[in-house]
Number of protein chains: 2
Amino acid sequence: MIDALADERCCLTAQEIHDRVRLERPRVGIASVYRALETLVELGLVHRLELGSGGAHYEPAAATGDHHHHLVCGDCGRVEPFADDRLENAIDKVSANASFRIHGHDVVLRGACDACAG
Amino acid sequence: MIDALADERCCLTAQEIHDRVRLERPRVGIASVYRALETLVELGLVHRLELGSGGAHYEPAAATGDHHHHLVCGDCGRVEPFADDRLENAIDKVSANASFRIHGHDVVLRGACDACAG
DNA sequence: GTACTTGCAAATACTTTGCAGGTAT
DNA sequence: ATACCTGCAAAGTATTTGCAAGTAC
């Protein structure tokens, strides 16, 4: 059952994941989704993102080495991924010099998507 | 009453703000704190941060022009601010090229603080 | 049988809303 | 009086937990 979740794509809320899983297995409860996500997050296979829109989002931590961050539309809630090497380098430098032992990072750019900004 | 909140410092949860306000005015309810915070966020005087630890954090959007991001300890929940020009430059570059019209951004570095990392 | 998993329902945590009473104009 | 602000209690949403039944070894 845990495997079923790993198939899902970028940036879904727990509710969205639940809905998708139920297409195949209607009896699965939301609690099982949360339990599976918790396990996957602990294993480092899934990242949990707080995008400030009520519910947390989850996405597979790409085994492919893909690493990206997110653009969030404050109007319609749309989320798009982006990646940038310069940004990653800057973050790595900061992480190396930080007083904390850094394990990971999140970057969220907030604004209006092309549809909402016109 | 709104002014009372603006005096508070960096990165408090609504609960913490409520507790502090109550020291001075014990009858203030948590709802009023949320209402005031909502107003302040809309006015751009306060930033709301989702640090992934259950509750949102709020901090004054410095009139001093101060701009910083946060280190979060995944163990004890401690939050520390940091600032880095190279990082800001990288974000500005990305924002300029993004398909969204970007209004703001958040960066969170996650790890273990000196006390927890040993 | 023992141990682990799972769905349901209840509980919890955080935030928002309705409403009645108070204050200001 | 009218319009606005506020505290309390209730509602709403997101997430977690307890527990009994189901499955695997």
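Residue numbering restarts at 1 for every chain, and letters A, B, ... go by the order of the sequence lines. This one's a predicted model, so the numbers in the text were calculated from it and none came from an experiment.
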(message) Using whole Å, what does the distance between atom P of nucleotide C/dT15 and atom NE2 of B/His18 come to?
(response) 13 Å
Under-3.5 Å N/O pairs linking protein and nucleotides 21-25 of chain D:
none

(message) Rounded to whole Å, how long is the line connecting atom CZ of B/Arg25 with atom P of D/dG7?
(response) 6 Å
(request) For B/His47, look at atom NE2 and say whether over 12 heavy atoms of other residues, nucleotides or ligands are found less than 6.0 Å away. (result) no
(request) State plainly whether one hydrophobic cluster holds both A/Tyr58 and A/Val28, where clusters connect Ile, Leu, Val, Met, Phe, Trp and Tyr through side-chain heavy atoms under 4.5 angstrom apart. (result) yes
(message) Without decimals, in angstroms, what is the distance between B/Arg22 CZ and D/dC8 P?
(response) 8 Å
(request) Using the test side chain to side chain donor-acceptor pair (under 3.5 Å), find all partners of A/Asp84 that sit at least two apart in sequence or belong to another chain. (result) none
(message) Can you list everything that forms a salt bridge (charged side-chain N to carboxylate O under 4.0 Å, His left out) with B/Arg22? Sequence neighbours excluded, please.
(response) none
(request) Using a 4.0 Å cut-off on protein heavy atoms (strictly under), produce a 5'-to-3' string for nucleotides 13-20 of chain D with B for base contact, S for backbone-only sugar-phosphate contact, and - for none. (result) -SBBBB--
(message) Under the rule for side chain to side chain donor-acceptor pair (under 3.5 Å), what residues qualify as partners of A/Glu50, not counting sequence neighbours?
(response) A/Arg48
(request) Figure out the CG/C1' separation between B/Asp19 and C/dC14, and round it to whole Å. (result) 14 Å
(request) Could you tell me which residues satisfy side chain to side chain contact (heavy atoms under 4.5 Å, CB included) with B/Asp75, sequence neighbours excluded, listed by chain and number? (result) B/Cys73, B/Cys116
(request) Kindly say if B/Ser32 contacts the phosphate of D/dG7, meaning a side-chain N or O under 4.0 Å from OP1 or OP2. (result) yes
Between protein and nucleotides 23-25 of chain C, what N or O pairs are separated by less than 3.5 Å?
none

(request) Starting at atom CG of B/Leu37, determine the distance to atom C1' of D/dT6, rounded to an integer number of angstrom. (result) 15 Å
(message) Under the rule for side chain to side chain contact (heavy atoms under 4.5 Å, CB included), what residues qualify as partners of B/Ile30, not counting sequence neighbours?
(response) B/Gln15, B/His18, B/Tyr34
(message) Clusters formed by hydrophobic residues whose side-chain heavy atoms approach within less than 4.5 Å: which one holds B/Val79, and what are its other members?
(response) B/Leu49, B/Leu51, B/Val72, B/Val108
(message) Restricting to side chain to side chain donor-acceptor pair (under 3.5 Å), what partner residues turn up for B/His69, sequence neighbours left out?
(response) B/His67, B/Glu88, B/His105
(request) Can you sort out the partners of A/His103 under side chain to side chain contact (heavy atoms under 4.5 Å, CB included), two or more places apart, ordered by chain and number? (result) A/Arg101, B/Ala112
(request) Would you please name every residue forming a side chain to side chain donor-acceptor pair (under 3.5 Å) with B/Asn89, sequence neighbours left out? (result) none
